[in-house]
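Notes follow once the structure below has been shown.
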2 protein chains.
Amino acid sequence: MSPAERPYHHGDLRHAAIQEAVRAIAEDGLGALSLRDLARRLGVSHAAPTHHFGDKAGLLTAVAAEGYRLLAAELRRAYERTGDFLEVGVAYVRFATRHQPYFDVMFRPDLYHQDDPELTEAREQSSSMLYGPVSKYPGAGSERQVREAGVAAWSLVHGLATLYLNGALPPKLGKDPERIARSVAAYLFAGSRV
Amino acid sequence: MSPAERPYHHGDLRHAAIQEAVRAIAEDGLGALSLRDLARRLGVSHAAPTHHFGDKAGLLTAVAAEGYRLLAAELRRAYERTGDFLEVGVAYVRFATRHQPYFDVMFRPDLYHQDDPELTEAREQSSSMLYGPVSKYPGAGSERQVREAGVAAWSLVHGLATLYLNGALPPKLGKDPERIARSVAAYLFAGSRV
DNA sequence: CGGGTAACTTGCCACTGTAAAGATGGCGGG
DNA sequence: CCCGCCATCTTTACAGTGGCAAGTTACCCG
């Protein structure tokens with residue numbers, strides 16, 4: 001749509017801005033994201049996004065919330081399809097690598113409004129999908145053990161994902177994040193697995 | 001030293017800048033770090049730091065390199081003192097939480113010059129301290145197994161550290177990162193440990 | 001002691017995020 | 001039917017940022 005035929009009212013700027021922000025981050029990285037550049041991409045004035053999100057942090061809050069919703073959905077799907085706890089971890093790594101823009105924003109809490117209700121609700125959805133399956137694990141013990149085991153699992157896949165994205169893993173591991181996740185995650189609870 | 005009596009040549013601006021940058025990050029976060037504010041803190045002109053580091057990225061490169069050197073030293077000390085592989089992991093988490101400014105910079109490679117020779121050398125020191133102890137572990141198998149087990153261990157402690165720093169862990173775990181690390185890391189290789 | 005050079009300063013530019021005030025146009029009540 | 005309201009978007013302005021270029025200072029070495 002050329003500037004000439006662009007209507008005064010965009011129609012759905014909020015959603016378009018979130019989508020375009022994700023695309024921009026995917027192209028140039030989170031650090032290079034600029035509200036003004038985003039507005040240029042969208043063909044609106046530089047203050048238009050601010051009107052919808054209040055803040056740059058407000059925009060990133062919306063991106064993070066959307067990210068947590070997507071993550072929760074993917075984790076749920078993985079668990080329901082396989083019933084396997086390990087596959088939830090693999091799905092976590094897959095999400096991080098396939099949706100890096102979301103993942104980057106989600107774990108940079110200094111960049112968004114952590115107390116936003118929409119965000120906290122989405123984050124809790126994700127959390128429950130991470131801890132839930134652990135408690136149903138056959139050898140699950142006390143509440144405290146379940147919690148610690150869940151943190152161990154989450155830490156492992158989260159660390160693996162971030163190290164992968166940072167290019168900090170040994171090259172010999174290959175480049176397929178899902179395969180790496182499956183191999184590496186097997187070392188968790190090794191011995192206690194059947 | 002008041003501006004009046006401050007000499008034209010600072011004397012050791014490079015080291016002072018790195019130190020002050022770390023302090024500034026500790027106070028206001030990495031995102032709020034500004035070269036100009038840093039210069040103000042140091043009582044020099046806004047372009048003085050640039051002269052030594054070329055770039056904002058150059059400054060952060062120096063910070064990251066220093067961070068990797070510190071990390072390598074702490075990991076080495078932990079291993080030499082205890083001989084325990086798990087204690088190296090605990091030392092990793094301790095470093096991340098006690099030297100958060102360094103840790104933050106180190107794992108934000110988009111912010112610095114990754115090809116800097118001083119940096120890569122320091123990073124390799126850290127890497128060898130992480131992978132080395134694993135290969136000496138009693139039950140160590142093939143080269144590939146050692147590599148994957150090392151990545152699993154590194155991922156777990158790295159993920160734990162970043163999640164802790166992000167405030168993403170369940171509050172019931174408590175607030176002592178070292179204690180948490182010891183409890184959680186025990187789930188790695190569980191069963192294969194003596 | 002004099003010149004060369006590293007260290008630092010000053011001034012400038014393009015860019016950013018945010019705030020305030022003005023312009024536009026869709027939409028519901030009269 | 002149309003008129004005023006108001007959300008949406010634009011325009012303008014401002015303080016702050018990083019980076020560059022040109023000028024200034026003072027140390028060091030021959």
Side-chain angles (χ1 to χ4, degrees), chain A residues 1-21 24-25 27-64 105 108-113 116, chain B residues 1-21 24-25 27-64 104-105 108-114 116:
Chain A
M1 197 184 308
S2 86
E5 35 185 300
R6 170 169 47 86
Y8 190 88
H9 287 284
H10 180 285
D12 198 13
L13 185 56
R14 188 166 209 279
H15 288 98
I18 296 175
Q19 269 190 303
E20 193 62 36
I25 295 171
E27 288 172 15
D28 306 325
L30 175 52
L33 181 68
S34 135
L35 283 183
R36 291 175 109 100
D37 183 62
L38 184 67
R40 257 168 273 156
R41 285 163 161 265
L42 292 164
V44 296
S45 83
H46 70 259
T50 298
H51 176 265
H52 287 274
F53 302 100
D55 235 336
K56 186 178 187 182
L59 167 66
L60 294 179
T61 304
V63 172
V105 175
R108 201 74 64 77
D110 53 313
L111 295 184
Y112 56 81
H113 303 307
D116 180 88
Chain B
M1 196 184 308
S2 87
E5 36 186 296
R6 170 169 47 88
Y8 190 89
H9 286 283
H10 179 285
D12 199 12
L13 185 56
R14 188 167 210 278
H15 288 96
I18 296 175
Q19 270 190 302
E20 194 63 36
I25 295 171
E27 288 172 16
D28 306 325
L30 174 52
L33 181 69
S34 134
L35 282 182
R36 292 175 108 99
D37 183 63
L38 185 67
R40 256 168 270 152
R41 284 163 161 263
L42 292 164
V44 296
S45 82
H46 66 87
T50 299
H51 177 265
H52 288 275
F53 302 101
D55 232 327
K56 185 178 188 182
L59 166 66
L60 294 179
T61 304
V63 172
D104 280 351
V105 176
R108 201 76 59 82
D110 52 314
L111 295 184
Y112 56 81
H113 303 307
Q114 293 180 252
D116 180 89

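Numbered from 1 within each chain, the chains take letters A, B, ... in sequence-line order.
Here the NE2 atom belonging to B/H46 is positioned 11.0 Å from the OG atom belonging to B/S34, to the nearest 0.5 angstrom. Expressed to the nearest 0.5 Å, how far CD1 of B/I18 lies from CD of B/E20 amounts to 12.0 Å. The NZ atom of B/K56 lies 6.5 Å from the CG atom of B/L60; values are rounded to the nearest 0.5 Å. Atoms CD and CG, from B/Q114 and B/D116 in turn, are 11.0 Å apart once rounded to the nearest 0.5 Å.
The side chain of A/A47 approaches D/dT10 more closely than any other nucleotide in the set C/dG11, D/dT10, C/dT18. Taking only side-chain atoms of A/L13, from C-beta outward, the nucleotide of D/dT17, D/dA13, D/dC9 with the closest atom is D/dC9. Taking every side-chain heavy atom of B/R36 into account, D/dG18 is the closest of D/dG18, D/dC9, C/dT18.
Side-chain polar atoms of A/D12 and A/H15 form a donor-acceptor pair below 3.5 angstrom.
Between A/A24 and A/L33, the shortest heavy-atom contact is CB-CD1, 4.0 Å. The minimum heavy-atom distance linking A/L38 with A/A21 is given by the pair CD1-N, 3.5 Å. The nearest pair of heavy atoms linking A/A57 to A/T61 is O-OG1, 2.6 Å. Pairing each heavy atom of B/P49 with each of B/V44, the nearest pair is CD-CG2, 4.3 Å.
Sorted by residue number, the members of residues 28-35 of chain B with any non-hydrogen atom under 4.0 Å from DNA chain D read B/L33, B/S34, B/L35. Of the residues in residues 51-64 of chain A, those with a non-hydrogen atom less than 4.0 angstrom from any atom of DNA chain D are A/H51, A/H52.
The distance between atom CG of A/D37 and atom P of C/dT16, rounded to the nearest whole Å, is 7 Å. Distance, B/H46 NE2 to C/dG11 C1': 7 Å, rounded to whole Å. What separates CG of B/D12 from P of D/dC27 is a distance of 15 Å, to the nearest Å.
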side-chain contact (heavy atoms from CB on, under 4.5 Å) between B/L111 and B/V105, worked out: CA-CA 8 Å; B/L111 295 184; B/V105 176; 6.0 Å; no

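An angle of 0°, rounded to 10°, separates the two end axes of the helix from C/dC1-D/dG30 to C/dG30-D/dC1, each defined over five pairs.
Contact of the A/L13 side chain with the A/H51 side chain is not registered, since no non-hydrogen atoms from C-beta on lie closer than 4.5 Å.
Of the two residues contacting DNA chain D, namely A/A48 and B/R40, the nearest-nucleotide position lying further toward the 5' end is that of A/A48.
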